[in-house]
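Below: the structure, in structure tokens.
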Protein chains: 2
Amino acid sequence: MSDASTESAASSRIAQALRDDILNGSIAPGQRLRQEDIAERLGGSRLPVREALRILAAEGLVQIEPNKGARVPLLDPGEVETLYRMRERLEPLALSESMANLSSADLAEISDIQRRIEQGVDVTEFLILDREFHMASYTGCSDEHLMLSVVRLWNSTQHYRRAFMSLTGSGRAQIVNAEHRLLMEALERRDTEDAELYLLGHIRRTRKELVRHPEIFSTGS
Amino acid sequence: MSDASTESAASSRIAQALRDDILNGSIAPGQRLRQEDIAERLGGSRLPVREALRILAAEGLVQIEPNKGARVPLLDPGEVETLYRMRERLEPLALSESMANLSSADLAEISDIQRRIEQGVDVTEFLILDREFHMASYTGCSDEHLMLSVVRLWNSTQHYRRAFMSLTGSGRAQIVNAEHRLLMEALERRDTEDAELYLLGHIRRTRKELVRHPEIFSTGS
DNA sequence: TAGGTTGTTATTGGATCCAATTCATGCCAC
DNA sequence: GTGGCATGAATTGGATCCAATAACAACCTA
């Protein structure tokens, strides 16, 4: 009852379950999603499943082909690179919109997330905390369109971020930590210009590292 | 039978009809969309209507609230301003991705559209041609994610562009034509840097003009 | 033996019916 | 007269059944 998902519809509940499965890697890119399987596995009939798939398609997590069903998009290196270039353009904007509304409590929260990142080095945990770190820096951005676009970009690239981290390990953790600290310092100075620049550099460096590892995109077969 | 829409699904057909109605102003922002009305008006049952509404929600043309139905989003000036700031960041990227693949035939097509803009000054026609002009400049961009985002931004702001044009008339046509010509010239020189800059200025100036006319956002009641 | 064809099966798309939720109207108490 | 509450209608959400389309396989023919 304290759970907020109870009040939402069955289609939202199914969408959330599928979203989790896709983002944490339980459902891999390229995998097909049959409506009846999902309906049976998560409960309910095929109809809310269809609506859930539409919701996820809107978020870029699945793609639907008429009369052919839904599957998790399998991206090539060029697509992921473009998604990162989109991040480089949009997220500094989100950060600048957020800056003015960031409370000191928000900054403390960001700092705490970074502290946890520098402690635990587990890949799965890092993916979660890194996402929380950046999203926390955008909490002051109240524009839903912009934030939805940002979330879409993170969702679409989540799998390849995990593949990269699993491949390279946490060897690059020091660089990420340095970038995060620079960003935090700019946030505390309320310096929008610097913060945007540090964020841009952070995303751009990650993009270049990703494209340097095309083996991430090889299918598991 | 020669019609391509026949081969597509009913939900796509209904979505296209609604999309047209929203973009050309037949359905105004804030207006509610009752499923049964649409099903009756466009043919078919409520089920493909629901899927069509999901499709349009993914494009930002309607917003769906659980158990409350769908309506065309009514944006405030701040939201539109942010959407334009997003355009300023994303469309130069789309243009740069497009540049290398633009054929001379594409450039001729762009030039022809601009020629028609400088002839006819009808507001409705201008909205169509202006959109065609910019989209034609992005034809070389093959990335679907990026183009979908750009189209979403155009769709979401279409109504306010029309309201602005209807209010101010075509007095600013000379400025737009000058900007378009500068952009075309940069495209023909294959100068990505200049083209991005001209495009950024074009969108930014439009944004500033829009926010200078808050009466666009007053509800018709 | 290879290629095309045809029939079968599995899966998605759509229509109708029923349940749950929301909104509006009117009533009653204060 | 106004605020709260209950009852009604209107609308959306979900389940089941049926039709259409696509993937698959076996078969036949050249």
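Heavy-atom basis, side chains included; hydrogens, waters and symmetry copies ignored. Below, read A as the first sequence line, B as the second, and so on, with proteins coming before strands; counting in each chain starts at 1.
- In this entry the distance linking CZ of Arg50(B) with P of dG13(C) reads 15 Å, nearest Å.
- Here dT11(D) presents its C1' atom at 14 Å from CD of Glu65(B), a figure rounded to the nearest Å.
- Among the nucleotides dT16(C), dG14(D), dT12(C), the one closest to any side-chain atom of Arg34(A) is dT12(C).
- The distance from atom CD1 of Ile64(B) to atom P of dG14(D) is 12 Å, rounded to the nearest whole Å.
- When the side chain to side chain donor-acceptor pair (under 3.5 Å) test is applied to Asp37(B), the partners found at least two apart in sequence or on another chain are Arg34(B).
- With the nearest nucleotide of DNA chain D identified for both Arg46(A) and Pro66(A), Arg46(A) has the one nearer the 5' end.
- In the set dT12(D), dG14(D), dG13(C), dG14(D) carries the atom at the smallest distance from any side-chain atom of Ala10(A).
- For Pro48(B), whose side chain is taken as the heavy atoms from C-beta onward, the closest listed nucleotide among dG13(D), dA15(C), dG13(C) is dA15(C).
- A salt bridge is absent between Asp143(A) and Arg85(B); no separation between the charged side-chain nitrogens and carboxylate oxygens falls under 4.0 Å.
- If you take CD of Glu40(B) and C1' of dA15(C), they are 16 Å apart, rounded to a whole angstrom.
- Residue Ile55(A) contributes atom CD1, which lies 12 Å from atom C1' of dG13(D) at whole-angstrom precision.
- The side chain of Lys68(B) contributes an N or O atom lying less than 4.0 Å from OP1 or OP2 of dC23(C).
- When each of Arg32(B) and Leu47(B) is assigned the nucleotide of DNA chain D bearing its nearest heavy atom, the one mapping closer to the 5' terminus is Arg32(B).
- At a threshold of 4.0 angstrom between heavy atoms, the contacts of Leu53(B) with the nucleic acid are absent.
- One can place CG of Asn67(B) at 10 Å from P of dT12(D), the figure rounded to the nearest angstrom.
- Side chain to side chain, Gln16(A) and Arg13(A) fail the donor-acceptor criterion of an N or O pair below 3.5 Å.
- Relative ring orientation between His134(B) and Trp154(B) is described as tilted, the plane-to-plane angle lying within the 30° to 60° band.
- Ring geometry for His180(B) versus Phe133(B): interplanar angle under 30°, hence parallel rather than tilted (30 to 60°).
- The distance between atom CD of Glu36(B) and atom C1' of dT16(C), rounded to the nearest whole Å, is 12 Å.
- In this structure, the CD1 atom of Ile38(B) is 17 Å from the C1' atom of dG14(C), given to the nearest Å.
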